[in-house]
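Okay, structure first, notes after.
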Number of protein chains: 2
Amino acid sequence: MSNPDKSGSANRSDKTADFETLCRKAGLKVTPQRLAVHKALIESKDHPSADMLYRRIKNVIPNISFDTVNRTLLTLAEIGAALVVEGTGDVKRFDGTLRKHQHFRCVKCKRIFDIDHTDFDDIPVPREIGTKFTVTRTTVYFEGFCDACMMVPHK
Amino acid sequence: MSNPDKSGSANRSDKTADFETLCRKAGLKVTPQRLAVHKALIESKDHPSADMLYRRIKNVIPNISFDTVNRTLLTLAEIGAALVVEGTGDVKRFDGTLRKHQHFRCVKCKRIFDIDHTDFDDIPVPREIGTKFTVTRTTVYFEGFCDACMMVPHK
DNA sequence: CTCTGTGCAAACACTTTGCAGCTAA
DNA sequence: TTAGCTGCAAAGTGTTTGCACAGAG
């Protein structure tokens, strides 16, 4: 925990440098706000919401607006510098099928499709998870583009 | 479509009867609204939101309120007559860790924990999914109660 | 200098809560 | 009868959009 970086790959400045490169490659300007959002995100281990990050970043750039944080996060996700935790951000969706199955979600049209792949019906809960958490649900979850959305150009 | 039921297990009235039994067992009253919501849900294959179902049920019970539909769905999920699609209903949560990993989400406190179980890092996309969808993300996803939330009584 | 990004504010969409009258049991 | 359910209304929370000014390239 006190050990700064075990990933073996890059320290924080390296990550920032990589991020700057990524921005330029994507045609995005490197602004203090973007750097701050990126830095705060990679330092956060709690999968923060836009609001949680906003409050943290305010300590660094007091007059940053929530909208900038929110929009920047969305931008980071688009250029691949951040991930949106699977499923989050959608309205609640219900399923009346109680039989064990999996879901595929189209990130474009938001449709959710049932997947019945019995190999995935009994994924065992690894010991290290089962002892720390009480797992009530284990699913294999797919995201991507459905056939209809693949036909129209993205964006 | 005109074919009533191919599931082989139970026809619609059976499912409704089962649902009534489940309600009584849970100490819930069997109301026309609950029956209508349940019926509409199990007939829907598109993982509807409360609003989507509300509009459908309005055709059957024109003066039903959105709130009843919404609350009923939440109730169904509680008694195990419906499922909330994994992750949905939460605010967007971001992740700055790009390395392949999995998530455990506590349904009570909404905290999300990283899981690093390398066995799950390379779940192959089944042929029948890959040909129909363009999968950009495959994850094993866990839900349940974290240790802290297990200590306090649920509800 | 130019064009993108930022900050502010308003509009929206979804969810939750409280309460009075209604109804299943 | 009576506890629980429904419908209505309001408030709360998170997200999106439009626009004028500021700042990166």
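Here is the naming used below: chain letters follow the sequence lines, and residue numbers restart at 1 for every chain. All heavy atoms count here, side chains included; hydrogens, waters and symmetry mates do not.
For the pair B:R93 CZ and D:dT13 P, the computed distance is 16 Å after rounding to whole Å. At whole-Å resolution of the value, CG in A:L53 and C1' in D:dT15 are 16 Å apart. Remark: P of C:dT16 and CG of B:L73 are 12 Å apart, rounded to the nearest angstrom. Straight-line distance from the CG atom of B:N63 to the P atom of D:dC5: 18 Å, rounded to whole Å. For the pair B:N70 CG and D:dT6 P, the interatomic distance rounds to 12 Å; values are reported in whole Å. At whole-Å resolution of the value, CD1 in B:I64 and C1' in C:dT23 are 15 Å apart. Atom pair A:Q33:CD and D:dC21:P shows a separation of 18 Å (rounding to whole Å applied). We find that CE of B:M52 is positioned 12 Å from P of C:dT15, with the value rounded to whole Å.
The only member of B:R93, B:K92, B:R137 that meets salt bridge (Lys or Arg N to Asp or Glu O under 4.0 Å) when paired with A:E86 is B:R137.
Of the listed nucleotides (C:dA24, C:dC8, D:dG7), C:dA24 has the atom at the smallest distance from the side chain of B:P32. Of the candidate nucleotides C:dT16, D:dT16, C:dG7, D:dT16 has the atom nearest to the side chain of A:L74. For B:L28, counting side-chain heavy atoms from C-beta on, the closest listed nucleotide (C:dC8, D:dC5, D:dT6) is D:dC5. Candidate nucleotides C:dG5, C:dC14, C:dG7 were compared by shortest atom distance to the side chain of A:R34, and C:dG5 ranks first.
Taking only distance into account, the side chain of A:D67 meets the base of C:dA9 through a donor-acceptor pair shorter than 3.5 Å. On a pure distance criterion of 3.5 Å, no polar donor-acceptor pair joins the side chain of A:R24 and the base of D:dG25. One donor-acceptor pair, N or O on each side, does fall under 3.5 Å between the base of C:dC3 and the side chain of A:K29.
B:H101 and B:D121 share no donor-acceptor pair across their side chains, judged by distance under 3.5 Å alone.
At C:dT6, one or more side-chain N or O atoms of A:T31 fall inside 4.0 Å of OP1 or OP2 (strictly under the cut-off). Taking only side-chain nitrogens and oxygens, A:T68 never comes nearer than 4.0 Å to OP1 or OP2 of C:dT6. Between A:K92 and the phosphate of C:dA13, there is no side-chain N or O to OP1/OP2 separation shorter than 4.0 Å.
Across all strands shown, A:D51 has no heavy atoms under 4.0 Å from either base or sugar-phosphate atoms.
Between B:V69 and B:V91, the residue whose closest nucleotide on DNA chain D is further toward the 5' end is B:V69.
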Q) Yes or no on side chain to side chain donor-acceptor pair (under 3.5 Å) for A:T72 and A:T75, after CA distance, side-chain angles and deciding distance? A) CA-CA 5 Å; A:T72 300; A:T75 305; 5.7 Å; no

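In the hydrophobic clustering of ILVMFWY residues, with side-chain heavy atoms under 4.5 Å counting as a link, A:F94 and B:V60 come out together.
The aromatic rings of B:H47 and A:H103 sit perpendicular to each other, their planes meeting at more than 60°, with 30° as the lower class boundary.
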